[in-house]
Amino acid sequence: GYTGVVFNIKKHFHTLRFRILIISCFVSLSIYSQDNGLKKQSVINDYRNRLINYMQDDTMASLSYAILIDGKIFLSEALGYSDYQNKIKADTSTIYRIGSITKPITAFLMMQMIEKGYFKLDDKIEDYLPEVKNLIGYSDSTKITFRQLATHYSGLPFNPDLEGAAIGPIEQWEEKVIAGFPVTSFQYKPNEKYSYSNYGYGILGLAISRAVGRPFR
């Protein structure tokens, strides 16, 4: 699983400033040499050196990248260590967690399923995932919709108040979402305040799965 982020780098490459906030990225590199005389390799070397510097500045263990020219992979490389303690170097097959990039994928999937007629954006989650009623403080005034979960207006906390909620085998994620309900309280009422929630998106993914009748994964 790679994080699919594209940087379009034009002729003013030397003026570009950005920080790498993720471990793995794909780079779409558009190179124009007619105006400033830069050669492909010099631009690529400059970019590579910047990645190395950013890794050092942010004390990142490893980073994988690919440069595409005219839609084809021109260069792919891994920098650093996939296992820093044992000094095992990363390579182009090293797999990284995509983390919260899961959220836009989930939201996109939600909209696709809405277009297919499985549910509506303002449907109540409890209609598809009745276990959500076990949330502490759940009532007629705290019924959550797909829209509220997708936009982080559900009022739910960042993570459930469940030990080990963010670790463990991926196969256990549905069980942990459900196990979090009876120990997790609302921070705010739905629509009251924006509150970024990992847990909310876990619930959203499970609700989509229930509505469609297919595993989310």
Side-chain angles (χ1 to χ4, degrees), residues 1-110 112 152 158-159 164-174 176-177 196-202 204-205 209 215-217:
Y2 283 97
T3 301
V5 173
V6 177
F7 297 105
N8 289 306
I9 305 175
K10 300 298 184 180
K11 59 183 177 181
H12 299 298
F13 176 86
H14 58 284
T15 65
L16 184 66
R17 296 290 184 270
F18 63 90
R19 292 185 63 80
I20 302 298
L21 299 178
I22 52 176
I23 290 181
S24 177
C25 63
F26 288 111
V27 179
S28 176
L29 185 59
S30 299
I31 299 173
Y32 296 82
S33 60
Q34 61 270 30
D35 293 333
N36 54 22
L38 288 174
K39 301 297 183 182
K40 286 181 182 180
Q41 197 59 50
S42 65
V43 175
I44 291 169
N45 289 342
D46 187 14
Y47 176 74
R48 185 179 186 277
N49 289 334
R50 288 169 185 264
L51 288 183
I52 293 172
N53 290 334
Y54 286 129
M55 280 186 62
Q56 293 173 346
D57 291 343
D58 293 333
T59 62
M60 296 167 63
S62 68
L63 182 147
S64 298
Y65 71 96
I67 293 176
L68 283 70
I69 298 177
D70 296 327
K72 296 181 180 180
I73 295 178
F74 180 79
L75 173 67
S76 62
E77 184 183 19
L79 304 171
Y81 297 91
S82 60
D83 185 338
Y84 189 81
Q85 288 183 332
N86 294 311
K87 300 302 180 185
I88 299 174
K89 290 188 176 181
D91 58 35
T92 55
S93 64
T94 297
I95 295 177
Y96 299 91
R97 289 185 60 177
I98 65 171
S100 288
I101 298 300
T102 304
K103 292 184 175 70
I105 295 172
T106 302
F108 185 76
L109 174 65
M110 177 190 73
Q112 286 184 316
H152 298 288
F158 185 77
N159 280 325
I167 60 175
I170 190 65
E171 291 81 9
Q172 295 178 359
W173 80 273
E174 293 187 18
K176 290 193 174 184
V177 168
Y196 187 90
S197 177
N198 282 332
Y199 191 39
Y201 257 82
L204 179 61
S209 175
F216 177 79
R217 292 177 64 197

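Throughout, residue positions are numbered sequentially from 1 according to the sequence presented.
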Margin query: Using a 3.5 Å distance criterion without hydrogens, assess whether the side chain of Asp46 forms a donor-acceptor pair with backbone atoms of Ser42.
Written below: no
Check: Looking at Tyr199 and Val177, what are the two nearest heavy atoms and their distance?
Finding: OH-O, 2.6 Å
Check: side chain to side chain contact (heavy atoms under 4.5 Å, CB included) between Leu63 and Ile52: does it pass, once the steps are laid out?
Finding: CA-CA 9 Å; Leu63 182 147; Ile52 293 172; over 6 Å; no
Check: What residues form a side chain to side chain contact (heavy atoms under 4.5 Å, CB included) with Tyr84, not counting sequence neighbours?
Finding: Tyr81, Lys87
Next item on the list: Using the test side chain to side chain contact (heavy atoms under 4.5 Å, CB included), find all partners of Pro215 that sit at least two apart in sequence or belong to another chain.
Entry: none
Next item on the list: Would you confirm whether Lys176, through its side chain, and Gly164, through its main-chain N or O, come within 3.5 Å as a donor-acceptor pair?
Entry: yes
Notebook entry, point to check: Which value, rounded to the nearest 0.5 Å, describes the distance between Met55 atom CE and Asp57 atom CG?
Noted result: 11.0 Å
Item checked: Non-neighbouring partners of Gln85 that pass side chain to side chain contact (heavy atoms under 4.5 Å, CB included), sequence neighbours left out -> Asp83
Check: Would you say the side-chain atoms of Tyr196 and Ser100 include a donor-acceptor pair closer than 3.5 Å?
Finding: yes
Item checked: Side-chain heavy atoms of Ile73 within contact of Leu75, under 4.5 Å -> no
Notebook entry, point to check: Can you tell me if Asn86 uses its side chain to pair, donor with acceptor, with the backbone of Ile88 under 3.5 Å?
Noted result: no
Next item on the list: Please identify each residue that fulfils side-chain hydrogen bond (donor to acceptor under 3.5 Å, both in side chains) with Glu77, with sequence neighbours left out.
Entry: Arg48, Tyr65
Notebook entry, point to check: For Thr94 and Ser82, which heavy atoms make the closest approach, and how far apart are they?
Noted result: CG2-CB, 4.0 Å
Notebook entry, point to check: Quick one: ring pair (Phe, Tyr, Trp, His ring centres under 6.0 Å) partners of Phe74, sequence neighbours excluded?
Noted result: none
Check: So do Glu174 and Arg217 actually touch side chain to side chain, heavy atoms under 4.5 Å?
Finding: no
Margin query: Just to verify, what does Thr106 make a side chain to side chain contact (heavy atoms under 4.5 Å, CB included) with, not counting sequence neighbours?
Written below: Thr102, Tyr201, Leu204, Ile208, Phe216
